[in-house]
Number of protein chains: 2
Amino acid sequence: MGTRERILEFLEGFIEENGFAPSVREIARHLGFRSTKAIKVHLDEMANMGWIEKKGGVARGIHLIEKGIPIIGRVQAGQPTLQFEGVEGHFSFDKWKGSFLLRIKGDSMIGAHIEEGDLVVIEKDRETRKGDIVVALVEDETTVKRLDKKNGRWILKPENPDYSIIDKEFQVIGVVIGMIRKY
Amino acid sequence: MGTRERILEFLEGFIEENGFAPSVREIARHLGFRSTKAIKVHLDEMANMGWIEKKGGVARGIHLIEKGIPIIGRVQAGQPTLQFEGVEGHFSFDKWKGSFLLRIKGDSMIGAHIEEGDLVVIEKDRETRKGDIVVALVEDETTVKRLDKKNGRWILKPENPDYSIIDKEFQVIGVVIGMIRKY
DNA sequence: TATTAAGGTAAACAAATGTTTACTCAAGGA
DNA sequence: TCCTTGAGTAAACATTTGTTTACCTTAATA
């Protein structure tokens, strides 16, 4: 493994553990270098290549570019280890920062494949449109339903024939912009 | 807003933007303080109270404790703004770091409420058990199915009656430990 | 009213830390 | 073989940065 790779690996581990970046000396010491010069050169090159971000002159001013979790495309069969190949992109949770989660109770949205225990990602202050899945307050009860219009009036539609349409006063709290399920 | 709250807010913004923490002087300057002493005292108290984590003596050695996205309980109706109350816990994506995502094609797992376009979270190197939803390689095709046993032989079961059981040679790549859906 | 404590100022101090200069060494190519 | 180049060493340097000391201001308090 090249020196750059070793630096990157150390950075990842250190930041994961400490929450801030190591100093150049700490990197050097950890990799067994007796001078900081070589590390500095490598760091600058790594920053140039876009491996890391680095602000010159500031202490511990290195940080990694968080790309998120890779979305893989094909999986290549190869002995002895399977290879994940063709990264189609990355999924970052940053876009959901500042949102809220609500745990789904019941199966009234099962038709939309949202089941009991699922966590829906809610964004407040977002314009609601017909067809959106929303979180609404109906008679002091929180509920997740699909927003629809009937006779010019807004209604809440469950996605389960066992439940009936809610056609009374309600207040939309937020729009469901995502969903998370744990197994 | 108290000084501590202002510090915390600045920290959040600064770290979000720069990827590393501000120095004590930067905090002081930004809040309009002409000395660093007061900031240092506040930071130490905030660390004591568990608001932040801070390693003494190291430059920019502050970091926030990432709790994740809050899972809310009740929603309180109140005018004029809705209040999210009763935080039941937090969901952190950290546990899914190091995993991979695979985009679902088709509706073969619709019975498990996994639909086309959903992203399943895959963990490699995990012991598979009967009933697990797994990613498997069947004749060079990647597929997500439920792992089952039939006549002492491992098989792959779709969760859709339109699809048939896969009862041939396959190789499990990873276990589905979660799911993400975007709307 | 005198006292006290919290919170801030100013200035200095001592480390921690990024950066630079000069030199060394080994490998590879002309 | 000689020269060049990449990578590392050693030692300074120059800031940046956390910390400390002494003092000040103000509002609550005995």
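A, B, ... follow the sequence lines: proteins, then strands. Residue 1 opens every chain. Because the structure is a prediction, the values reported are computed rather than measured.
- Among residues two or more places apart in sequence or in another chain, the side chain to side chain donor-acceptor pair (under 3.5 Å) test is passed with K149(B) by none.
- You'll find the side chain of E123(A) stays beyond 4.5 Å of the side chain of F100(A), heavy atoms only.
- Distances shown here put every side-chain N or O of S35(B) at or beyond 4.0 Å from the OP1 or OP2 atom of dC23(D).
- Residues from residues 54-64 of chain A with heavy atoms under 4.0 angstrom of DNA chain C, sorted by number: K54(A), G56(A), G57(A), V58(A), A59(A), R60(A).
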Write out a two-atom table: protein N or O, nucleotide N or O from nucleotides 22-28 of chain C, distance below 3.5 Å.
none

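- By the neighbour-count criterion of 12 heavy atoms within 6.0 Å, atom CD of E141(B) is sparsely surrounded, having that number or fewer from other residues, nucleotides or ligands.
- When atom types are taken as modelled, the side chain of H30(B) and the backbone of E26(B) share no donor-acceptor pair closer than 3.5 angstrom.
- Within 6.0 Å of atom CD in E12(B), more than 12 heavy atoms from other residues, nucleotides or ligands are found, so the atom counts as buried in its surroundings.
- Side chains of V134(B) and K145(B) form no contact here, defined as non-hydrogen atoms less than 4.5 Å apart.
- Sorted by residue number, the members of residues 15-29 of chain B with any non-hydrogen atom under 4.0 Å from DNA chain C read R25(B).
- Not one N or O on the side chain of E17(A) forms a donor-acceptor pair closer than 3.5 Å with the backbone of F14(A).
- Using a 4.0 Å heavy-atom cutoff across all strands shown, T36(B) reaches at least one base atom of the nucleic acid.
- When the side-chain nitrogen and oxygen atoms of T3(A) are compared with OP1 and OP2 of dG8(D), one or more of them lie within a distance under 4.0 Å.
- At most 12 heavy atoms of other shown residues, nucleotides or ligands fall within 6.0 angstrom of atom NZ in K67(B).
- Ring to ring, W96(A) and F91(A) are close: their centroids are under 6.0 angstrom apart.
- At a non-hydrogen distance threshold of 4.0 Å, H42(A) from residues 39-50 of chain A come into contact with DNA chain D.
- D107(A) and Y163(A) form a side-chain donor-acceptor contact under 3.5 Å, judged by distance and modelled atom types alone.
- Although no hydrogens or angles enter the test, the distance criterion places a donor-acceptor pair under 3.5 Å between the side chain of E116(A) and the main chain of G106(A).
- Considering R181(B), R103(B), K182(B), K105(B) as possible partners of D118(B), the one that fulfils the salt bridge (Lys or Arg N to Asp or Glu O under 4.0 Å) test is R181(B).
- For the pair K37(B) and F33(B), the NZ or CZ position fails the cation-pi test of under 6.0 Å to the six-membered ring centre and within 45 degrees of the ring normal.
- Sorted by residue number, the list of members of residues 4-13 of chain A with any non-hydrogen atom under 4.0 Å from DNA chain D is empty.
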For the pair F20(B) and H63(B), evaluate side-chain contact (heavy atoms from CB on, under 4.5 Å) and give the outcome as yes or no after the intermediate values. CA-CA 8 Å; F20(B) 50 83; H63(B) 67 116; over 6 Å; no

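- Under the 4.5 Å side-chain criterion, counting only non-hydrogen atoms from C-beta, I114(B) is not in contact with I110(B).
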